[in-house]
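Single-structure report; data block below.
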Amino acid sequence: MLKNIDPLLNADVLYALRAMGHGDTLVICDTNFPADSVARETVLGDLLRIDGVSAARAIEAVLSVVPLDTFVDDSARRMEIVGAPNEIPPVQQEVQAVIDKAEGKSWPMTSIERMEFYEHAKKAYCVIATGERRFYGCFIFRKGVIAP
């Protein structure tokens, strides 16, 4: 255990989050996402896991150590529901609340069409699979900077 580090952040996840640079992206996904095959195409090349928790709880842990990028409008993205791109399901509402709390202000997510999400995910630094079982619990985050 480490002081002031969320215990969900295992050594592999902490390594990847620390290794990422400004502008690198990470995917946090639900149990239905093709996480292993997509992760093989990422920069890291291996799937990371934060099992047994919701997407919102995993994202809370990650955002406790990773700032979002303030230089772009799409540093927090959600997968759109097929056929209902403007609908925000409860899993995404919960994550929105986590983002707003972590950033200390309203930080609206942008949406990305499902198949386009998969293509962006393959170009990410890493993929973190969660225990989230609800559909559309998939998100992409762009790492920001911490001011001196």
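Scope of the values below: all heavy atoms of this structure, side chains included, with no hydrogens, waters or symmetry mates.
Linking Ile, Leu, Val, Met, Phe, Trp and Tyr whenever their side-chain heavy atoms come within less than 4.5 Å puts Y15 and I128 in one cluster. A single hydrophobic cluster is not seen to contain both I88 and F135; linkage of ILVMFWY side chains at heavy-atom distances under 4.5 Å, directly or through other members, places them apart. Hydrophobic clustering places L2 together with I50 (ILVMFWY residues linked when any side-chain heavy atoms are closer than 4.5 Å, directly or through intermediates). Linking Ile, Leu, Val, Met, Phe, Trp and Tyr residues whenever their side-chain heavy atoms come within less than 4.5 Å places F139 and V43 in a single cluster. Residue L44 is grouped with residue L9 when hydrophobic side chains (ILVMFWY) are merged at heavy-atom distances under 4.5 angstrom, including chains of intermediate members.
The shortest heavy-atom contact between V98 and A56 is CG2-O, 3.8 Å. Looking at every heavy atom in both residues, I146 comes nearest to P67 through CG1-CG, 3.8 Å. The nearest pair of heavy atoms linking R114 to V82 is CD-CG2, 3.7 Å. Nearest heavy-atom pair across S111 and E80 is OG-OE2, 2.7 Å.
Rounded to the nearest 0.5 Å, atoms SG (C126) and CG (D24) are 8.5 Å apart. The CG atom of L14 lies 9.5 Å from the CG atom of D6; values are rounded to the nearest 0.5 Å. We find the CE-CE distance between M115 and M79 to be 9.0 Å, quoted to the nearest 0.5 Å. To the nearest 0.5 Å, the span separating NZ on K143 from CG on D69 amounts to 11.0 Å. Interatomic distance, CZ of R78 versus CD1 of I140, reported as 12.5 Å (0.5 Å rounding). Rounding to the nearest 0.5 Å places OG of S64 at 10.0 Å from CG of N4.
Looking at residues two or more places apart in sequence or on another chain, you find a side-chain contact (heavy atoms from CB on, under 4.5 Å) between A76 and L68, I99, W107, M109, F141. Residues satisfying the side-chain contact (heavy atoms from CB on, under 4.5 Å) criterion with K122, sequence neighbours excluded, are V38, E41, E119. Scanning for side-chain contact (heavy atoms from CB on, under 4.5 Å) contacts around N10 gives D12, V13, with sequence neighbours left out. Applying the ring pair (Phe, Tyr, Trp, His ring centres under 6.0 Å) criterion to Y125, with sequence neighbours excluded, gives no partner residue.
In this structure, the side chains of V95 and Q92 stay at 4.5 Å or more apart for every pair of heavy atoms. Looking at T25 and H120, their side chains never come closer than 4.5 Å, going by heavy atoms from C-beta outward.
Listed for the R142 side chain is a donor-acceptor partner under 3.5 Å among the backbone atoms of G23.
Contacts classified as ring pair (Phe, Tyr, Trp, His ring centres under 6.0 Å) and involving residues 35-88 (residues at least two apart or in different chains) are given here: H22-F71.
Salt-bridge check for R134 with E94: passed, with a basic side-chain N closer than 4.0 Å to an acidic carboxylate O.
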Can you give me every donor-acceptor pair (side chain of residues 26-36, partner residue at least two apart or in another chain, under 3.5 Å) with its distance?
residue : atom : partner : partner atom : Å
D30     : OD1  : N32     : N            : 3.0
D30     : OD1  : F33     : N            : 3.0
D30     : OD2  : Y136    : N            : 3.4
D30     : OD2  : G137    : N            : 3.0
T31     : OG1  : E132    : O            : 3.1
D36     : OD2  : R40     : NE           : 2.8
D36     : OD2  : R40     : NH2          : 2.6

